[in-house]
Amino acid sequence: MGKARSVGIGMDYSATSKSALRWAVDNLIEEGDRIILIHVEPPKATNTRKQLFEDTGSPLIPLEEFVESNVSKQYGLTSDPEVLDILDTVSRTKRAKVVAKVYWGDPREKLCDAVQDLKLDSLVVGSRGLGLIKRVLLGSVSNYVVTNASCPVTVVKSTPSSKP
């Protein structure tokens, strides 16, 4: 076992972000690694914690606190039993330390900011598989992050069964 790594996982609770989480747990996470679930909420989101942490993002939220629905709600997040189950399992089986962090703003920029802020060794994100026209009009978060992040980025494509 080498040095424990910090692995960020972009999470918006979509099927593709859940696929990215499962892929990271199955293929990347090793014993003792730190998993940081990175949530990016829209800049216009209103919740009790945004006013305190809008500029820097939330403090790191340990899994033990994050599983409590009242904590998630304070950050404007909805609790997802499937995601929590995956995180609980990896924390027990691989002794990975699991934390979450919430940012507010453009996901492309905030995921790249998270790489720097959290000194990530790797980042895993899902891809919605937009066609060329939609990608040009909407912009691709995964493409932007791959191009601009200062650490290795793994993009997990959606499978036919995981498309929204």
Side-chain angles (χ1 to χ4, degrees), residues 5-25 28-29 33-91 96-130 138-146 148-158 162-164:
R5 301 166 299 160
S6 288
V7 178
I9 302 172
M11 179 55 61
D12 63 3
Y13 298 117
S14 65
T16 55
S17 69
K18 290 178 189 180
S19 291
L21 173 61
R22 281 190 292 277
W23 184 90
V25 166
L28 185 63
I29 303 301
D33 284 348
R34 179 170 76 155
I35 299 171
I36 304 173
L37 218 57
I38 303 167
H39 298 272
V40 181
E41 292 294 297
K44 295 184 189 243
T46 57
N47 58 61
T48 57
R49 298 294 172 139
K50 179 185 174 195
Q51 293 174 350
L52 293 172
F53 304 115
E54 186 171 16
D55 294 336
T56 61
S58 73
L60 294 176
I61 309 163
L63 178 62
E64 298 77 23
E65 291 179 28
F66 191 68
V67 297
E68 296 184 26
S69 62
N70 64 331
V71 172
S72 294
K73 286 179 186 173
Q74 290 176 357
Y75 290 98
L77 305 174
T78 356
S79 187
D80 186 293
E82 181 182 2
V83 169
L84 295 176
D85 183 52
I86 294 168
L87 294 172
D88 179 59
T89 300
V90 74
S91 73
K97 180 178 181 182
V98 179
V99 295
K101 183 158 177 94
V102 182
Y103 291 93
W104 291 268
D106 182 329
R108 295 172 293 191
E109 294 171 8
K110 293 302 179 177
L111 285 169
C112 288
D113 289 349
V115 168
Q116 295 295 331
D117 296 344
L118 304 169
K119 297 177 181 25
L120 297 179
D121 296 301
S122 181
L123 177 65
V124 181
V125 295
S127 171
R128 293 184 293 170
L130 298 176
L138 300 174
S140 167
V141 171
S142 57
N143 188 51
Y144 182 91
V145 172
V146 164
N148 294 288
S150 61
C151 74
V153 177
T154 302
V155 178
V156 178
K157 289 179 144 185
S158 62
S162 69
K163 285 196 176 185

Residues forming a side-chain hydrogen bond (donor to acceptor under 3.5 Å, both in side chains) with Thr89, sequence neighbours excluded: none
Minimal non-hydrogen separation, Val155 against Ser127, with atom names: CG1-CB, 3.4 Å
Taking all atoms of both residues into account, what is the closest heavy-atom pair of Val141 and Arg108, and its distance? CA-CG, 3.5 Å
What heavy-atom pair brings Cys151 and Leu123 nearest, and what distance separates the two atoms? SG-N, 3.9 Å
Minimum heavy-atom distance between Pro62 and Val99, given as atom pair plus value: CA-CG1, 4.0 Å
Please lay out, stage by stage, how Lys101 and Lys110 fare under the test side-chain contact (heavy atoms from CB on, under 4.5 Å). CA-CA 11 Å; Lys101 183 158 177 94; Lys110 293 302 179 177; over 6 Å; no
If I take atom CG from residue Asp85 and atom CG from residue Asp80, how far apart are they, to the nearest 0.5 angstrom? 10.0 Å
Rounding to 0.5 Å, atoms OG1 (Thr56) and CG (Asp113) come to a distance of 11.0 Å
Could you report the tightest heavy-atom contact between Ser17 and Gly10, atom names first, then the distance? CB-O, 3.6 Å
Take Leu60 and Arg34 through the side-chain contact (heavy atoms from CB on, under 4.5 Å) test and state the conclusion after the steps. CA-CA 12 Å; Leu60 294 176; Arg34 179 170 76 155; 3.6 Å; yes
Please tell me if the side chains of Leu118 and Ser6 come closer than 4.5 Å, counting only heavy atoms from C-beta onward. no
Apply side chain to side chain contact (heavy atoms under 4.5 Å, CB included) to Val90 and list each qualifying residue two or more places apart in sequence or on a separate chain. Val25, Ile29, Ile35, Lys94, Ala96, Val98
Contacts of type side chain to side chain contact (heavy atoms under 4.5 Å, CB included), residue Pro59, not counting sequence neighbours: Phe53, Tyr75
What distance do Ile86 atom CD1 and Ile9 atom CD1 have between them, rounded to the nearest 0.5 Å? 9.5 Å
Using the rule side chain to side chain contact (heavy atoms under 4.5 Å, CB included), only one of Val40, Leu77, Leu37, Ile38 pairs with Val102; which is it? Leu77
As an exercise, state the distance from CG of Leu87 to CG of Leu21, rounded to the nearest 0.5 Å. 5.0 Å
Under the criterion side chain to side chain contact (heavy atoms under 4.5 Å, CB included), which of Thr154, Val146, Leu111 is the partner of Val125? Leu111
Look up atom CD in Glu41 and atom OG in Ser58, then write down how far apart they are to the nearest 0.5 Å. 10.5 Å
Within a strict 4.5 Å, meaning less than it, do heavy atoms of the Pro107 and Tyr144 side chains meet? no
What pair of heavy atoms forms the shortest contact from Tyr13 to Lys18, and how long is it? O-CE, 3.4 Å
